[in-house]
Amino acid sequence: MESSSTTRRQATRQKLYEAAVTLIAEKGFSATTVDEIAERAGVAKGTVYYNFKSKTELFEELLRHGVGLLTASLRAAAEETEERGGTRVEALDAMIRAGLAFIDRYPAFTQLYVAELWRTNRAWQATLLVVRQEAVAVVEDVLREAVKNGELSEEIDIPLTAAALVGMVLVAALDWQAFQPERSIDEVHSALSLLLHGRVSGH
């Protein structure tokens with residue numbers, strides 16, 4: 001059992017993550033101060049430094065935390081499909097849905113993550129590449145199994161296809177939220193599902 005102080009600390013960190021992600025999405029990293037993060041989270045400034053050595057460390061942990069949640073939800077979608085006897089292509093389809101649901105739940109984090117992916121010379125660039133690879137690796141594993149089972153062609157380039165699928169979900173979801181918010185997650189999912197089945201499985 002986790003102690004109440006551990007649980008309390010996790011709850012505090014969660015509040016700090018949420019405060020930081022919304023502020024940084026609104027104003028950018030440089031313009032956001034630790035004071036503002038503390039104020040938005042409803043904690044004392046010292047609490048931020050108790051939990052994180054610096055604003056940069058907070059941001060690195062935020063990226064790890066957010067992409068960790070995304071990776072876990074993709075993995076869970078694949079495992080659930082496998083448990084009910086679904087195909088690997090169905091697992092990819094379930095992962096697309098899980099990715100959309102994650103982005104719908106954490107839109108500010110997703111915007112921040114996508115923006116940071118294209119910036120260079122950041123203190124957290126190495127962390128970002130590691131966490132990105134963790135998310136993409138989950139998709140690569142399922143693609144590899146699909147090729148092995150004969151569901152997908154052996155000609156597919158697994159690393160590029162995995163990156164393309166993750167990129168498709170990220171960009172389509174951001175477009176959905178920014179420009180087509182009236183659409184339901186079902187509509188967006190079925191559009192991407194057609195792409196998956198038409199372009200990847202070759203039916």
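Remember, it's a predicted structure, so these values are computed and weren't measured experimentally.
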Are any non-hydrogen side-chain atoms of Asp93 and His197 less than 4.5 angstrom apart?
yes

Pair Arg88 + Glu145, salt bridge at N-O below 4.0 Å
yes

Is there side-chain contact between Glu151 and Leu143, with at least one heavy-atom pair below 4.5 Å?
no

Excluding sequence neighbours, so at least two apart, what forms side-chain contact (heavy atoms from CB on, under 4.5 Å) with Arg183?
Trp176, Gln180, Glu187, Val188

With Val138, which residues qualify under side-chain contact (heavy atoms from CB on, under 4.5 Å), at least two apart?
Thr71, Leu74, Arg75, Met95

Classify the ring geometry between Phe59 and Phe29 as parallel (under 30°), tilted (30 to 60°) or perpendicular (over 60°).
tilted

Do Leu112 and Leu62 have side-chain heavy atoms sitting under 4.5 Å apart?
yes

NZ/NE/NH1/NH2 to OD/OE distance under 4.0 Å, Glu80 and Arg84
no

Please walk me through it: do Leu100 and Leu192 pass side chain to side chain contact (heavy atoms under 4.5 Å, CB included)?
CA-CA 10 Å; Leu100 290 171; Leu192 298 187; 4.2 Å; yes

Do Leu58 and Glu61 touch side chain to side chain, with heavy atoms closer than 4.5 Å?
no

Output yes when Glu116 and Arg119 qualify as a salt bridge under the 4.0 Å nitrogen-oxygen rule, no when they do not.
yes

With the side chain counted from C-beta on, respond yes when Glu39 and Lys45 share a heavy-atom pair under 4.5 Å apart, and no when they do not.
no

Mind checking what makes side chain to side chain donor-acceptor pair (under 3.5 Å) contact with Glu57, not counting sequence neighbours?
Lys53

Can you label the angle between the Phe102 ring and the Tyr106 ring as parallel, tilted or perpendicular, going by 30° and 60°?
tilted

Which residues share a side chain to side chain donor-acceptor pair (under 3.5 Å) with Ser184, sequence neighbours left out
none

Would you say that Thr32 contacts Glu26 through its side chain, given a criterion of any heavy-atom pair below 4.5 Å between the two side chains?
no

Do the non-hydrogen side-chain atoms of Leu128 and Arg122 ever get within less than 4.5 Å of each other?
no

Heavy-atom neighbours of Glu182 CD exceed 12 at 6.0 Å
yes

With a 4.0 Å cut-off on N to O distance, would you call Asp35 and Lys55 a salt bridge?
no

Angle between ring planes, His65 versus Tyr17, binned at 30° and 60°: parallel, tilted or perpendicular?
parallel

Atom CZ of Arg105 with >12 non-hydrogen neighbours under 6.0 angstrom:
no

Glu60: side chain to side chain donor-acceptor pair (under 3.5 Å) partners, not counting sequence neighbours
Thr127

For atom NZ of Lys148, is the number of surrounding heavy atoms from other residues, nucleotides or ligands below 6.0 Å larger than 12?
no

Sequence-distant partners of Glu79, side chain to side chain donor-acceptor pair (under 3.5 Å), two or more places apart
none

